[in-house]
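Have a look at the structure below, then the notes.
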Amino acid sequence: SLRSATLVPVMLAECAMTSAPSNAWAGPETQALEIPSALIIAKSSNKNQVHYSVQIDESCAPVGANPVSPYWLMLERGPDVTEALSKGEERVLGLDRQEVTGEGIRIAIRALPGRTLTIHTWRGSSGHCISTVDMTVAGVATHVASVYVKQRLFGISYVLLTGVAQDGTVVQERVVP
């Protein structure tokens with residue numbers, strides 16, 4: 001299978017994404033928009049990635065109690081081919097929890113339940129909605145640059161978390177399951 005029910009490397013980066021209208025409506029007069037790739041999990045076994053989209057409103061604020069949703073970007077089949085996670089993949093790559101606060105959207109991925117990631121969304125100087133993801137890496141508050149999961153035949157060898165601290169220092173942490 002092109003996909004794996006195990007955790008996938010995660011490229012979490014500051015993503016400047018154009019808001020794309022979706023079919024969901026946030027309210028009677030506000031159409032929900034989406035940041036399609038606020039968080040990206042890339043894996044070692046192939047080019048396919050799990051992306052975490054965020055439903056936002058016209059002011060780039062999260063919409064609803066559960067605005068973050070994971071999905072597959074099937075790069076092995078093309079640049080725009082997407083699929084939903086299977087139930088087995090959802091048990092690993094789905095969200096253990098998400099909470100919208102005044103500071104952002106706090107999430108935990110089921111494969112890393114002890115790790116809280118905070119997604120921040122805002123309108124950038126270009127006029128587009130953008131996002132960053134913050135997380136503690138090796139005890140340091142960082143903007144997440146990448147999360148890489150090295151897979152083995154049956155499971156995960158390690159997860160490499162990489163972030164950039166406020167002073168520009170690159171911080172890495174290798175997590176062994």
Given salt bridge (charged side-chain N to carboxylate O under 4.0 Å, His left out), test E173 with R115 step by step and report yes or no.
CA-CA 12 Å; E173 179 180 355; R115 300 285 178 144; 2.5 Å; yes
Exercise answer: donor-acceptor pairs, residues 98-108 side-chain atoms, under 3.5 Å, sequence neighbours excluded:
unit_1, atom_1, unit_2, atom_2, d
Q98, OE1, V68, N, 2.9
Q98, NE2, V68, O, 3.1
T101, OG1, E103, N, 3.1
T101, OG1, G104, N, 3.3
T101, OG1, G104, O, 3.1

Check against side-chain contact (heavy atoms from CB on, under 4.5 Å), T82 and W72
CA-CA 5 Å; T82 63; W72 281 103; over 6 Å; no
If you round to the nearest 0.5 Å, how far is [atom2] of [Y] from [atom1] of [X]?
X	Y	atom1	atom2	answer
L117	D134	CG	CG	9.0 Å
Y52	I41	OH	CD1	3.0 Å
L161	T136	CG	OG1	10.5 Å
M135	I109	CE	CD1	8.0 Å
K47	L73	NZ	CG	12.0 Å
I35	C129	CD1	SG	5.5 Å

Check whether V140 and V133 end up in the same hydrophobic cluster, where Ile, Leu, Val, Met, Phe, Trp and Tyr are linked by side-chain heavy atoms less than 4.5 Å apart.
yes
When clusters are formed by joining ILVMFWY residues with side-chain heavy atoms under 4.5 Å apart, either directly or through shared neighbours, do I119 and V164 land in the same one?
no
Partner set under ring-ring contact (aromatic ring centres under 6.0 Å, His included) for H51, not counting sequence neighbours:
Y71
Which pair of non-hydrogen atoms, one from [X] and one from [Y], has the smallest distance, and what is that distance?
X	Y	result
A165	V171	CB-CG2, 4.3 Å
P67	V63	CB-O, 3.3 Å
P177	I156	CG-O, 3.6 Å
I130	G124	CD1-CA, 3.9 Å
Y158	R174	CD2-NH2, 2.9 Å
Q151	S45	OE1-OG, 2.8 Å

Heavy-atom side-chain contact between [X] and [Y] under 4.5 Å:
X	Y	answer
T121	P62	yes
H143	T132	yes
L75	Q49	yes
V170	T162	yes
T142	V137	yes
K43	N48	yes
Q55	L33	no

Under 3.5 Å, is there a donor-acceptor pair between the side chain of D96 and the main chain of P113?
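No: the side chain of D96 does not pair with the backbone of P113.
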Could you go step by step and tell me if E89 and R110 meet the salt bridge (charged side-chain N to carboxylate O under 4.0 Å, His left out) rule?
CA-CA 10 Å; E89 293 161 346; R110 288 191 177 115; over 6 Å; no
Does the side chain of S44 pick up a donor-acceptor pair with the side chain of R152 at under 3.5 Å?
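Side-chain D/A pair, S44 to R152: absent.
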Flag the pair E83 and R77 as a salt bridge only when some basic side-chain nitrogen lies within less than 4.0 angstrom of an acidic carboxylate oxygen.
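Yes, this pair counts.
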Please evaluate residues V159 and Y148 with respect to the criterion side-chain contact (heavy atoms from CB on, under 4.5 Å), reporting the C-alpha separation (whole Å), side-chain torsions for both, the decisive distance (0.1 Å), and the verdict.
CA-CA 6 Å; V159 179; Y148 176 79; over 6 Å; no
